[in-house]
Each structure stands twice: as C-alpha cells, then as structure tokens.
> 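Right, I'll just put the structure down here and ask away after.
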Amino acid sequence: MRICFVCLGNICRSPTAEGVMLQLVADAGLAEVISIDSAGTGAYHEGELPDARSRAAARRRGLELVSRARQFTKADLDRFELVIAMDQRNLRHLQTLAGTRTAPAIRLLRSFDPTAPSGAEVPDPWAGGEAGFEEVLDQCERACAGLLAYAREQLG
Ligand code: 4NP
C-alpha cells in the first residue's frame with residue numbers, strides 16, 4: 001500500500017506525518033508492504049529539508065525528519081492508493097486535481113483519529129510558535145495510529 005501525506009509547503013505537517021508513520025510502520029514490521037511519502041500542494045520550498053522547528057520537535061520524540069520538499073503533481077495520483085490531506089484546503093486542492101477519478105482515495109488525516117471531530121484539520125503551524133509544532137506531532141501520532149489500523153485492515 002502506497003500512502004502520500006500532503007500539506008501546503010511540505011516542510012512542516014506532511015513531513016511530520018511521514019516521519020511518525022514511517023516509525024509506526026517499521027515498528028509493526030510492515031515496511032515491506034506499506035510505503036510512505038509526502039508532498040506539498042505548493043512548490044515554494046522545493047528541495048528543502050523540513051522546517052527546523054518541525055525537525056527539533058520530532059527529534060525530541062526520537063524521530064529524524066529527512067525528507068526533501070516537493071510539489072504534489074497529477075502524476076502522483078497514479079502512484080499512490082491513499083493520499084492524505086492535512087487540512088480542508090489541501091483536501092479541496094487534491095479533489096480538484098483528481099476531478100472525476102475514483103482512485104486514489106483522498107482523506108483528511110484526522111479522519112483516522114476516532115477521537116477527532118468530523119472534518120478536523122491539522123492546523124498550519126508555520127506562522128505560529130513552538131506549541132503549534134508539538135500539537136502537530138500530537139495530532140499526527142493519534143491519527144497515524146488509526147491509519148496503521150486501517151492499513152492493516154485493508155491489507156487483510
Ligand atoms: P506546511 O506549512 O504546509 O505544514 O509545510 C507551511 C510551510 C510554508 C508555507 C506555508 C505552510 N509557506 O507559505 O511558505
């Protein structure tokens with residue numbers, strides 16, 4: 001199963017979700033069957049490492065974020081079975097790009113967290129303080145646990 005996390009810049013939220021999910025998948029012994037990537041709807045930060053604040057927050061939880069930012073393209077719609085948006089704006093962008101296609105599945109990340117309200121987003125932490133980055137990690141950890149359970153179900 002191929003999964004891609006998508007935010008706006010691909011330097012804060014989606015690389016964080018990618019790092020959290022990579023660790024969960026590795027711990028579950030599923031690295032051979034679940035592949036993880038991330039991308040941004042925008043291209044502003046192409047080639048950059050994740051934001052230093054995202055990397056520092058992840059490192060405090062034992063995660064190294066090493067992805068490089070890239071833009072999500074139409075071709076990516078053929079490369080993934082599941083594309084996961086961080087907020088409603090990312091979701092709408094992806095749905096517009098996909099048009100009438102029925103695959104890949106496009107979902108909000110927090111829809112995999114049974115404790116999150118319907119339609120809940122992972123807010124963009126970029127223009128705010130440290131706490132926002134911790135919150136992104138908390139939200140990613142809860143949702144990715146649910147996502148792993150979902151993936152296991154899909155894999156049978
Ligand atoms: P992200 O955060 O979408 O979580 O990577 C952002 C990073 C950069 C910008 C916006 C959001 N920006 O406008 O440059």
Side-chain angles (χ1 to χ4, degrees), residues 1-26 34-99 101 104-148 150-151:
M1 171 181 275
R2 291 160 298 170
I3 302 172
C4 188
F5 296 102
V6 176
C7 61
L8 175 59
N10 193 211
I11 56 166
C12 300
R13 294 165 292 172
S14 60
T16 299
E18 180 182 9
V20 166
M21 194 62 188
L22 276 171
Q23 186 68 54
L24 286 176
V25 164
I34 302 177
S35 70
I36 313 291
D37 196 6
S38 69
T41 60
Y44 327 100
H45 297 278
E46 199 84 49
E48 292 178 22
L49 277 171
D51 187 283
R53 296 163 295 176
S54 293
R55 283 185 284 141
R59 203 172 297 121
R60 287 194 285 274
R61 301 190 193 195
L63 296 174
E64 285 296 323
L65 305 185
V66 296
S67 61
R68 293 282 176 171
R70 70 176 188 88
Q71 186 170 30
F72 190 92
T73 68
K74 214 158 183 170
D76 286 313
L77 295 170
D78 294 316
R79 297 178 48 223
F80 298 97
E81 278 101 39
L82 185 53
V83 180
I84 302 182
M86 297 296 127
D87 65 26
Q88 298 280 358
R89 185 176 162 204
N90 311 146
L91 181 69
R92 280 196 303 275
H93 177 104
L94 291 166
Q95 285 168 338
T96 300
L97 199 64
R101 296 174 56 126
I106 302 172
R107 295 264 307 258
L108 277 173
L109 178 62
R110 295 185 72 198
S111 70
F112 293 98
D113 175 357
T115 68
S118 164
E121 306 182 295
V122 180
D124 185 352
W126 194 59
E130 284 286 311
F133 289 84
E134 293 297 332
E135 183 139 34
V136 167
L137 268 160
D138 292 340
Q139 292 167 344
C140 286
E141 285 177 352
R142 285 198 296 271
C144 285
L147 174 58
L148 182 66
Y150 170 85

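Just follow the structure's listing: the first ligand is 1, and inside any ligand the first atom is 1.
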> Measuring from R13:CZ to W126:CH2, what's the distance to the nearest 0.5 Å?
11.5 Å
> Closest non-hydrogen protein atom to atom 1 (P) of ligand 1, residue and atom name please, with distance?
C7 SG, 3.5 Å
> Provide, to 0.1 Å, the distance between atom 2 (O) of ligand 1 and the closest protein heavy atom, together with that atom's residue and name.
D124 OD1, 3.2 Å
> For ligand 1, which atoms sit closer than 4.0 Å to a heavy atom of L8?
3 (O), 10 (C), 11 (C)
> Judging by distance only, is a nitrogen or oxygen of H45 under 3.5 angstrom from one on ligand 1?
yes
> Distance to the ring centre below 6.0 angstrom and angle to the axis at most 45 degrees; does that hold for R107 and Y150?
yes
> Counting only heavy atoms not in E135 (residues, nucleotides, ligands), do more than 12 fall under 6.0 Å from its CD?
no
> Could you grab the distance from atom CG of L82 to atom CG of L147, nearest 0.5 Å is fine?
6.0 Å
> Tell me whether the count of non-hydrogen atoms from other residues, nucleotides or ligands lying under 6.0 Å of CZ in R89 goes above 12.
no
> Under a 3.5 Å distance rule, please check whether E48 uses its side chain to pair with a backbone N or O of A69 as donor and acceptor.
no
> Any idea which part of M86 is under 4.0 Å from ligand 1, heavy-atom wise: side chain, backbone, both or neither?
neither
> Where is the nearest protein heavy atom to atom 12 (N) of ligand 1: which residue, which atom, and how far?
W126 CZ3, 3.5 Å
> Is the contact between V136 and ligand 1 made by the side chain, the backbone, both, or neither, using heavy atoms and a 4.0 Å cut-off?
neither
> Output yes when a side-chain donor or acceptor of R68 lies under 3.5 Å from a complementary backbone atom of G47, and no otherwise.
yes
> Closer than 4.0 Å to some heavy atom of I11 - which atoms of ligand 1 meet that?
5 (O), 7 (C), 8 (C)
> Considering the heavy atoms of G9, write down every atom of ligand 1 situated less than 4.0 Å from one of them.
1 (P), 3 (O), 5 (O)
> Which of the atoms of ligand 1 are close to C12, meaning less than 4.0 Å from one of its heavy atoms?
1 (P), 2 (O), 4 (O), 5 (O)
